[in-house]
4 protein chains.
Amino acid sequence: MHHPAPLTGVVPPLCTPLTPDGEVDPGSLGALVERLVTAGVGGLFALGSSGEAAYLSDARRRTALRTVVETAAGRVPVLAGVIDMTTARVLDHARAAAELGADALVATAPFYTRTHPAETAAHFRAIRAAVDLPLYAYDIPSAVHTKLAAATVLELAADGTLAGLKDSSGDDGALRRLLTGLRERGLADTFSVLTGSELAVDGALLAGAHGVVPGLGNVDPDGYVRLYEHARAGRWREAAAEQDRLAALFALTEAGDPALMGGSSSALGGFKAALHLLGVIGCPATAAPQIPLDEAAVKTVRGHLRDGGLL
Amino acid sequence: MHHPAPLTGVVPPLCTPLTPDGEVDPGSLGALVERLVTAGVGGLFALGSSGEAAYLSDARRRTALRTVVETAAGRVPVLAGVIDMTTARVLDHARAAAELGADALVATAPFYTRTHPAETAAHFRAIRAAVDLPLYAYDIPSAVHTKLAAATVLELAADGTLAGLKDSSGDDGALRRLLTGLRERGLADTFSVLTGSELAVDGALLAGAHGVVPGLGNVDPDGYVRLYEHARAGRWREAAAEQDRLAALFALTEAGDPALMGGSSSALGGFKAALHLLGVIGCPATAAPQIPLDEAAVKTVRGHLRDGGLL
Amino acid sequence: MHHPAPLTGVVPPLCTPLTPDGEVDPGSLGALVERLVTAGVGGLFALGSSGEAAYLSDARRRTALRTVVETAAGRVPVLAGVIDMTTARVLDHARAAAELGADALVATAPFYTRTHPAETAAHFRAIRAAVDLPLYAYDIPSAVHTKLAAATVLELAADGTLAGLKDSSGDDGALRRLLTGLRERGLADTFSVLTGSELAVDGALLAGAHGVVPGLGNVDPDGYVRLYEHARAGRWREAAAEQDRLAALFALTEAGDPALMGGSSSALGGFKAALHLLGVIGCPATAAPQIPLDEAAVKTVRGHLRDGGLL
Amino acid sequence: MHHPAPLTGVVPPLCTPLTPDGEVDPGSLGALVERLVTAGVGGLFALGSSGEAAYLSDARRRTALRTVVETAAGRVPVLAGVIDMTTARVLDHARAAAELGADALVATAPFYTRTHPAETAAHFRAIRAAVDLPLYAYDIPSAVHTKLAAATVLELAADGTLAGLKDSSGDDGALRRLLTGLRERGLADTFSVLTGSELAVDGALLAGAHGVVPGLGNVDPDGYVRLYEHARAGRWREAAAEQDRLAALFALTEAGDPALMGGSSSALGGFKAALHLLGVIGCPATAAPQIPLDEAAVKTVRGHLRDGGLL
C-alpha cells in the first residue's frame, strides 16, 4: 500500500478482539477490519491505546498486526503503534512491524522516565533512521505524562523525521497553533495532522486537521465517515449535528462504575461490549488486569447503541 | 443593565491597567472599556484572571470594578469576578460587587483546599443564595487544580443556581458533551456557555457555545467580533480564517522568556505591552511579583501586532 | 514576645473553633490555646491550613488572631499565617497581623497564578520589606501546587529575608538536603526548619529539623511534646515509639467517607470532632463549604481517641 | 540462594554498564556486582529504574540479569525488576527472570493506562500466581503516576501475594502508617519494607523499615552499609552523620544542566560517571535517548566524589 501524504479521513484505532482466555481472536479482528474498510475509512491504526497495545504481549501484538495487514490487503494503509518506554524497546517493535508489512509507524514520547524535549526529538529521529517507514508522533499526555511541544513537532516535520501527528492531547488551542505553524512553513499539504479528540472533530477539521483517529469509530464508522465527508464538502452544520449524535453515543465509554474499575476498563470495555452487541466480534473480553463490565453496564451500552440508532 | 439569558457574543476579560506604582489607573481602564464597547462586545468580564484579580488588593478590585461599571454605563452587562479560596471569602467579594453595580458574578470552584464535587456544588449554591445576581461558574483547572464535573454544572444549571459557564478548561470534548447535555434538558436557550479557549472559538461556536471570553480580545476586539459574526451567519470558512489570524497574534503572550518569568507574567505582560503600544493604556506595568517584559520582549510584541495588522 | 532564633519545639497550627453559624468562637479558641501552652509548646501558628485560613473571611481571621495573641499573652511566640494568592493581598494580611501583635508571619508561594521561582523570591522579599516581622516560608505544594526550590530557600535564608521554613511538602529527601545546605552555610543555628510531616517527626529531628508544626498537635499536644523531648535527649527509640502511637491516632483524619467529602473536610472535621469529644471546644463545626462528619464518622474518631489513650 | 523473609540491609538497584554502542557490558557489570557484594550488601536489585530497565531491550535485560545472577553466585539474593505496562507483558519478563535464576521479582503498578486499585491488586495477584518467586511491589509514582494505596499493600501482604515493598514514593508519612499497619497485623517480621528514599534512610530505619534500595549505593556502598549498621546498633547520631555525608554526595545526580537534559539523564549519567571515575566500569554511557553529561558536568561529579572522600 502506498502511504499517502498527507494521510486524510477517518483512521480508526482498531480494538483488538480477544478470546475468553486472553488470546487475540483473528477472526473477530478480521471482521472488524472488513467492516471499517467497507465503511470507507482512510486508514487503520493497529496497536494503539484503543487496541490495548499496553496490555498485549509481543506475541499477541504480532498476531494482531499480521491479521490487520492481511485483511486490509492494501486497500487502505495500516499504521502500527510501537508503544514502549524508550528508544531501544520501540525499535524492536518497529522492526517487527516493518517485517509484518505495516505502512507506517506511530510512536509516543518516552514514558516512565523523566525526559527532556531534546531527548524526545532524538527518540523520534532514532526511530526514523533505523526503520524506513513513515513515522507519526502520538501525542497522548494522559498516558505518557508529557505534552509534545509544538516547537518539537514543527522541527521534526520540517526535517522529514515525522510524516504526521496523532494528537490525543485534547489541547485544541495548541492544535490550532500547530496548524497555523505548519501552514507558515509550507508543510500543511504534506504533514498529516490527525485529531484524537473524537468529540470535537468538526472544529478540528474546520481548523485544518486532515483527519481523525476516533476510538468510537470502531463502533460507528459510518457516523465518522459522514462527519468527515460533510466537513470536506463545507456542510458544517451537518457535520456538527453528526458530531453531536456521536458525542451522545460516546456515553457508552462511561458505563462502567468508576468506584469499581479504571477509566481504561470502562472505555475499552464499552467499545468491545458494543462491538459484541452489534455482532462484529465474538467476545467482549478485555485484557488483564482490566475489570469486565457487569450485566448492568452492558445494558447501559445497549441503551446507548439503541439511542444512537445502531441497534 | 438587564442581564440577557443567555448572554452571547464576545465578553472580554478586561485587563486592569496599573500605574507605575501598582495602583489601578481608572483613566486607562475607562479607555479600554470604551474601546471594547465601541467594537461591539456582548459584555465585559471585570476581575478575571486576565484582569489580574489574583494580584489586586480588595481596594484595587473595588476601584477597578467601579470604573468598569461607570464607564459601561449600562450599554453592556458587566460580569464581576469574585475570585477567592472558599465560600465566606467569595461572599465578601460578591456583596461588594453587588453594591458596586455588577450585573452578574463569576466564581471559581474552591481552591487551595482539597474539595469534593458536592462541596463545590454547595459553594455555588451558597453564593447564589446570598447575593441576588446571576452567577457564572468559572472552570479554570490551570488555576484551581480541579475540573468542574459536567454532572455538577448540569445540576446547577437545571436548578437555577448558575446562569452560565465560563469554560477555560481547554477540554473541548467535555464542552461538547456539556452542550449536548444542556440541549437534552432544554436548557441550551437560557444557560450561557462561554468558551475561554480563545484559539478554538470557531469550533466552540459550531458546537453551540453562546460566546467567548478571550483575553486577546483586549488587544483585538474587532477581530473577535468579526469571528463571532461570521459564525453567527454560518460563514464558517471566514470564521476559521479570522481565528487563524488571531491564533498567530496570540504569540504575543509568549514574548517573555520562560527561563526568566512565569507564564502569567509573559501572557499578562504581553497583553498590556500591546495595549500600551496601541495607545490604549498609559503604562504596561503588571502587578507584583510579576516580572516585567524587557525591551526585546516588547519588540517581539510589536512585531506580532504589526504582522497582525494592528500597528 | 521575643521571637527566638531559631524557633524550636512543637508549634501547633491552631484549629479555629467556630460557632454553629460559622463565626469564630473566641472562648473555645482561648481554651485551645491555654491547653497547648500548658502542654509546653514552643510557639503557636494561627491561621494556617489546619486553622481553616482559606475558609475564613478577613474579619474572622482578625478575630481569631486577636484571640490567640491575647490568650498567649507573651508566653510563647505567635506566628500568623498570611495566606493569599499574591503579594498585594498578602501584604494586607501581613499589616493586619502586625497590628494585632503577631510575633512572626508565615506566607506561602503565590498560587492561582503561574509563577516562576524568581517571582516567588521577589514575593517573599516584598513581604519582608514591607512589614517588620520575622518571616517564615510555608512550603505546601498540596495547596499551592508548586514546591519551593531549595536554592530559593537557601538564598532567602542567607540574605535575611526568611527566618525559617514550615515544610509541609512531605519531601524528606529535599528537607535533608536543605538542612545540610544550611549547615554548610553556617545558617543552621539561626534559621528555623519546622517540619509539617507530622508522621515522620522523629526522622526529621534526627536529620536536624528544629521543630514540628503538627495539626494533630491540637488533639494530642502532650504526645508531640514528649516526642520532641525524647529526640532532644537522644532517646530515639522512645521518640519513635511515641511517633508510632501518634501515627495510629492520625487515622482520625480519615474518618470521613471520601465518596462524600473532600480530604480537607475529613481531616479538619476529624481534628475538631476530637477536640469536641475531649471537651476542649464547644462545637465541632467546620467552615463552608465543607461537609460535616456524620455520626458514624464521629464514632470512628472517638474510637481512635480511646485507642490512643486520650479518652 | 535462599530468599530471606524479611530481606534486610542495603539492596542497591544496580546500574547497568553499557558499551559505547549501547550493549550491556558484562565485565563492568560483574565488577560492580563484586564490589557491592564485597561491601556487604544484603541483596542486589537488577533491572530497576537505576538499572535503566526502561531503556533496555528484552535481550539486553536478559544479558544484564544473567550476569548479575552468575556473579552473585548465591552469595546474596538477586531481585529482578520486571518493569512493563501491564500484566501480560510483565509476565513475559517474570518468566524470563525465573529461568535466569532470579531469587525474587519486583513489579510496579500498571502504567500508561488508567488503572483502579482493584486492578492493581489483580495485577500483582496474577504475577504471583503465574511465577513461583517472592514478589515485591515497587511503589514509584514519579514513573507510573499512581501511588500504591496502603490498604492494597496491607491486603496483599496479608494474603501472601507480596513478600515486600520497595517504596520510592518519597511519602514518609504513608510509609510510617504502613509500618504501623504491618505491626498491628503481625506482618512486620516477615514482610520486607525497603525504602528508596536514599536521603532519609536513618529516619526510615528508625521508623522500622528493613532496608534501603539506594541508587547512590552503586557509588558508595560502604557508606550505606555503615549507615545501616549504625542504625541496627542504635547509634542514631552516627547514622545521621553518615546520611548527611551521603546527602551531600547525592549532588552528583544534578551535575547535568536541566536546560539541556531530563532528570533521568542527569541522575543516571551522574552515577555512571562516578563509577567510571572510580574505575569500576569501563564506559559511562547511558542508553538512548538520554543526553550524555558534558565535560563540565563530569568535572562536577569528580568534585563531589572528592568532597565525599571517595577520590
Side-chain angles (χ1 to χ4, degrees), chain C residues 141-142 147 149-151 167-184 188 195-209 214-216 227 230-231 233-251 253-254 258 307-308, chain D residues 141-142 147 149-151 167-184 188 195-209 214-216 227 230-231 233-251 253-254 258 307-308:
Chain C
S142 64
K147 167 100 184 79
D167 177 17
S168 294
S169 73
D171 185 339
D172 290 340
L175 183 69
R176 187 55 157 265
R177 297 189 69 191
L178 178 69
L179 286 163
T180 57
L182 288 167
R183 232 167 281 148
E184 282 167 18
T195 181
S197 292
E198 51 195 312
L199 305 186
V201 179
D202 47 353
L205 294 172
L206 181 56
L216 189 62
L227 165 46
H230 283 315
R235 296 186 298 266
W236 294 106
R237 284 288 177 210
E238 290 82 352
E242 190 67 48
Q243 178 67 89
D244 284 343
R245 195 185 58 78
L246 290 163
L249 183 62
F250 194 73
T253 63
E254 293 169 354
D307 294 349
Chain D
S142 64
K147 166 100 184 79
D167 179 17
S168 295
S169 72
D171 185 340
D172 289 341
L175 182 69
R176 187 54 156 269
R177 296 190 68 190
L178 177 69
L179 286 163
T180 57
L182 289 168
R183 233 168 280 148
E184 283 167 17
T195 181
S197 293
E198 52 196 311
L199 305 186
V201 179
D202 47 354
L205 294 173
L206 181 57
L216 189 61
L227 165 47
H230 282 314
R235 296 186 298 266
W236 295 105
R237 284 288 177 209
E238 290 82 351
E242 190 67 47
Q243 178 66 89
D244 284 343
R245 194 186 57 81
L246 290 162
L249 183 62
F250 194 74
T253 63
E254 293 170 354
D307 294 348

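This one's a predicted model, so the numbers in the text were calculated from it and none came from an experiment. Any value given below was found using the heavy atoms of this structure, including those in side chains, with hydrogens, waters and symmetry copies removed. Chain naming here is simple, since letters A, B, ... match the order of the sequence lines and numbering starts at 1 in each.
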First locate atom CG of Asp202(C), then atom CH2 of Trp236(D), and finally report the distance between them rounded to the nearest 0.5 Å. 9.0 Å
Working to the nearest 0.5 angstrom, can you tell me the gap between Arg176(C) CZ and Glu198(D) CD? 12.5 Å
Nearest 0.5 Å please: distance from the CG atom of Leu179(C) over to the CD atom of Gln243(D). 11.5 Å
Tell me, for Thr180(D) versus chain C, whether the close heavy atoms (under 4.5 Å) come from the side chain, the backbone, both or neither. side chain
Under a 4.5 Å heavy-atom cut-off, does chain C meet the side chain of Arg183(D), its backbone, both or neither? side chain
Would you say that Leu206(D) contacts Leu206(C) through its side chain, given a criterion of any heavy-atom pair below 4.5 Å between the two side chains? yes
Counting heavy-atom pairs under 4.5 angstrom with chain C, the leader among Leu205(D), Asp244(D), Leu175(D), Val201(D) is Asp244(D)
Flag the one option from Ala240(C), Ala200(C), Ala239(C) with the top tally of heavy-atom pairs under 4.5 Å to chain D. Ala240(C)
Non-hydrogen atoms of chain C under 4.5 Å away: do they reach the side chain of Ala251(D), the backbone, both or neither? both
So which part of Ala231(D) gets closer than 4.5 Å to some heavy atom of chain C, the side chain, the backbone, both or neither? backbone
